[in-house]
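Treat the numbers as computed from the prediction; the structure is a model and nothing was measured.
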Amino acid sequence: MEGTEPATRGRTTAPDGNQGADSSVLMSSKPLHRFVKNEPRSLGIVILIFGCAELLMGFQLASETVQTSSRIYIPFWQGTLFLICGNLSIYTEIHPSKKMVTVCLAMYVVSLLGLVVSVGYRINCLADYRYLMYLARYEMEQPFGSYRVDQISGIEGVLFASSLCVSVLLIFLCTIARLALKSTHTQVIIQCVPAPPQTD
């Protein structure tokens, strides 16, 4: 017991320069801080912006009579998933812990599965819009209808492109979160603090 007390005092009474160096080494060697080093908060803010865009566009698409992605409520549940992922990423960088990284990884995976569904459905919608535009322009001769379909297809195209961008961000976040959790199972940090010299 007498040997442990000097070691503790040696850690607290070390010079400021050495103590800062030791803490920086420990901070860089911890897997969770490697996850924080990739700035998930900045990526979370970007995902939040995409989530708000999904929700706002969803209200506009819900009022349309033609087939849109709002038929299966894609903008609403996908926008909600983006908001949750963005908030979790921001919170995890501020308060990093193994539990929060695990929750973030689970939400990233769920959001990616939802993106697979939304991307497939929006590709189908865009294909239908091309057929509707052909009918409105050449067979029905309704220019206003063709302009309306152009606007809807433009909105769906923007949301489709934003979904692809968010999928890239989520894949990156999944990778760094999985690597951080994998490293916490096997990593052991050993720090040797020499005891101060005995003085009479």
Side-chain angles (χ1 to χ4, degrees), residues 27-129 151-187:
M27 288 285 286
S28 62
S29 61
K30 289 182 179 180
L32 294 182
H33 289 284
R34 294 176 191 170
F35 173 76
V36 174
K37 185 179 179 181
N38 290 284
E39 297 184 357
R41 179 170 59 179
S42 301
L43 299 179
I45 294 173
V46 176
I47 295 174
L48 276 176
I49 295 173
F50 282 118
C52 293
E54 283 277 349
L55 290 175
L56 293 176
M57 294 298 180
F59 292 109
Q60 177 63 33
L61 293 176
S63 61
E64 299 296 334
T65 56
V66 298
Q67 180 182 359
T68 61
S69 58
S70 63
R71 176 169 294 185
I72 58 175
Y73 306 104
I74 287 177
F76 300 106
W77 55 259
Q78 184 169 270
T80 303
L81 288 175
F82 289 171
L83 292 178
I84 294 173
C85 289
N87 286 319
L88 285 175
S89 300
I90 295 171
Y91 182 83
T92 304
E93 181 173 346
I94 299 174
H95 305 285
S97 64
K98 182 179 178 181
K99 180 180 179 180
M100 289 305 304
V101 175
T102 305
V103 173
C104 286
L105 179 59
M107 288 305 304
Y108 296 156
V109 173
V110 172
S111 299
L112 284 174
L113 294 177
L115 280 170
V116 172
V117 176
S118 66
V119 167
Y121 192 83
R122 278 176 173 154
I123 290 175
N124 185 27
C125 289
L126 292 174
D128 290 339
Y129 296 152
Q151 292 176 355
I152 298 173
S153 62
I155 294 174
E156 291 286 1
V158 170
L159 294 179
F160 176 78
S162 66
S163 298
L164 294 180
C165 295
V166 175
S167 65
V168 175
L169 298 178
L170 290 177
I171 290 172
F172 174 73
L173 289 172
C174 281
T175 303
I176 60 176
R178 183 67 186 94
L179 291 176
L181 292 175
K182 185 178 180 180
S183 301
T184 54
H185 294 300
T186 58
Q187 188 178 28

Problem set entry | side chain to side chain contact (heavy atoms under 4.5 Å, CB included) between Leu173 and Ile47, worked out | CA-CA 11 Å; Leu173 289 172; Ile47 295 174; 3.9 Å; yes
Hey, could you give me the [atom1]/[atom2] distance between [X] and [Y], rounded to the nearest 0.5 Å?
{"X": "Leu179", "Y": "Ile176", "atom1": "CG", "atom2": "CD1", "result": "8.5 Å"}
{"X": "Lys99", "Y": "Thr102", "atom1": "NZ", "atom2": "OG1", "result": "10.0 Å"}
{"X": "Cys125", "Y": "Ile72", "atom1": "SG", "atom2": "CD1", "result": "7.5 Å"}
{"X": "Cys104", "Y": "Asn87", "atom1": "SG", "atom2": "CG", "result": "10.0 Å"}
{"X": "Leu55", "Y": "Trp77", "atom1": "CG", "atom2": "CH2", "result": "12.0 Å"}
{"X": "Phe82", "Y": "Leu48", "atom1": "CZ", "atom2": "CG", "result": "11.0 Å"}

Donor-acceptor pair, side chain of [X] and main chain of [Y], under 3.5 angstrom:
{"X": "Ser163", "Y": "Val119", "value": "no"}
{"X": "Glu54", "Y": "Gln78", "value": "no"}
{"X": "Ser63", "Y": "Gln60", "value": "yes"}

Exercise. Is there side-chain contact between Pro96 and Phe35, with at least one heavy-atom pair below 4.5 Å?
Worked result: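 Contact flag for Pro96/Phe35 side chains = no.
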Exercise. Can you check whether Ser69 reaches Arg122 side chain to side chain, under 4.5 Å on heavy atoms?
Worked result: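 Of all side-chain heavy-atom pairs linking Arg122 with Ser69, at least one is under 4.5 Å.
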Problem set entry | Test side chain to side chain contact (heavy atoms under 4.5 Å, CB included) applied to Ile123 and Phe160, step by step | CA-CA 8 Å; Ile123 290 175; Phe160 176 78; 3.6 Å; yes
Any idea which heavy atoms bring [X] and [Y] closest together, and the distance?
{"X": "Gly157", "Y": "Leu126", "answer": "N-CD2, 4.1 Å"}
{"X": "Pro40", "Y": "Ser89", "answer": "O-CB, 3.3 Å"}
{"X": "Ser167", "Y": "Leu112", "answer": "O-CD2, 3.8 Å"}
{"X": "Leu170", "Y": "Ser111", "answer": "CD1-CB, 3.6 Å"}
{"X": "Tyr108", "Y": "Cys85", "answer": "CD2-SG, 4.0 Å"}
{"X": "Thr92", "Y": "Val36", "answer": "O-CG2, 4.3 Å"}

For this session: For the residue pair Glu156 and Tyr121, confirm or rule out a side-chain donor-acceptor distance under 3.5 Å.
Result: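 Absent: no donor and acceptor within the cut-off.
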Problem set entry | Stepwise side chain to side chain contact (heavy atoms under 4.5 Å, CB included) test for Leu61 and Leu159 | CA-CA 11 Å; Leu61 293 176; Leu159 294 179; 3.9 Å; yes
